[in-house]
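Only one structure is covered here, and it is reproduced in the block below.
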Amino acid sequence: MRDEPLDPFANDPTDPAAGLFGGVPGRPLADDERDEVTAELAELDEFQRFLEPTGIRGVVFDCDDCHAAHYVAWELLRSSLHHVLEHGHPRLHEPAYQPDPDHYVSWEYARGYVDGAQADDHD
C-alpha cells in the first residue's frame, strides 16, 4: 500500500517538474545512507511513542533550502523517509500553514527526551 498520492506525471516525458532534481531521477542510496535513513525511522518510532502522549505532534527542522522552519507531523515525516529509501531523494516540501510551534520539537530535543525517559525506566 502506498502512503502518498500517485504522481499524475509518472513516466510522462513532458512532466513539468522533471528538472527539479537536475532532471535526473534519484540514485539508489549507498548502504551507509540506507542504514542512516533506516536508523532515523527507528528513532522516529521511539520519538512518537514517547512524545505523542505529551501532545507533541511532530518534529521541526530548519530548512537550508528555503531558510524557514518546517513543522512535520509524525506520519508525514515517516512517509518522507520511506520516500527517500524508495527514490533516493527527499520529496519537495512546503512549510506547514500556521503550525503551533508548541506542538513540535527538534530532532535533538526528541532524542534527549527519549534517552532521559528510557534512563528513568531503568532506574
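When each of Tyr104, Trp74, Phe50 is paired with Ile56, the side-chain contact (heavy atoms from CB on, under 4.5 Å) condition holds for Trp74 and for no other.
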- Message: One pair to check against side chain to side chain contact (heavy atoms under 4.5 Å, CB included): Glu33 and Val37. What are the steps and the verdict?
- Response: CA-CA 6 Å; Glu33 292 170 319; Val37 174; 5.6 Å; no

- Message: One pair to check against side chain to side chain contact (heavy atoms under 4.5 Å, CB included): Arg57 and Tyr71. What are the steps and the verdict?
- Response: CA-CA 9 Å; Arg57 297 180 184 161; Tyr71 298 87; over 6 Å; no

- Under the side chain to side chain contact (heavy atoms under 4.5 Å, CB included) rule, what do Trp107 and Leu44 come out as? Steps first, then yes or no, please. CA-CA 9 Å; Trp107 193 271; Leu44 180 62; 4.3 Å; yes

- Task: Take Leu41 and Leu85, measure what side chain to side chain contact (heavy atoms under 4.5 Å, CB included) needs, and give me the verdict at the end.
- Result: CA-CA 10 Å; Leu41 281 163; Leu85 284 175; 3.6 Å; yes

Under 3.5 Å, which donor-acceptor pairs do the side chains of residues 109-116 form with other protein atoms, sequence neighbours left out?
residue : atom : partner : partner atom : Å
Arg111  : NE   : Glu43   : OE2          : 2.6
Arg111  : NH2  : Glu43   : OE1          : 2.9
Arg111  : NH2  : Glu43   : OE2          : 3.0

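Within 6.0 Å of the CG atom in Asp100, the count of heavy atoms belonging to other residues, nucleotides or ligands exceeds 12.
Nearest approach of His70 to Cys63, heavy atoms of both residues: CD2-CB, 3.0 Å. The heavy-atom pair separating Leu29 from Gly88 by the smallest distance is CD2-CA, 4.0 Å.
Between the side chain of His89 and the backbone N or O of Val84, no donor-acceptor pair lies under 3.5 Å. The backbone N or O of Leu76 lies less than 3.5 Å from a partner atom in the side chain of Ser80, making a donor-acceptor pair.
Salt bridge present: Arg78 and Asp45 bring a charged side-chain N and a carboxylate O closer than 4.0 Å.
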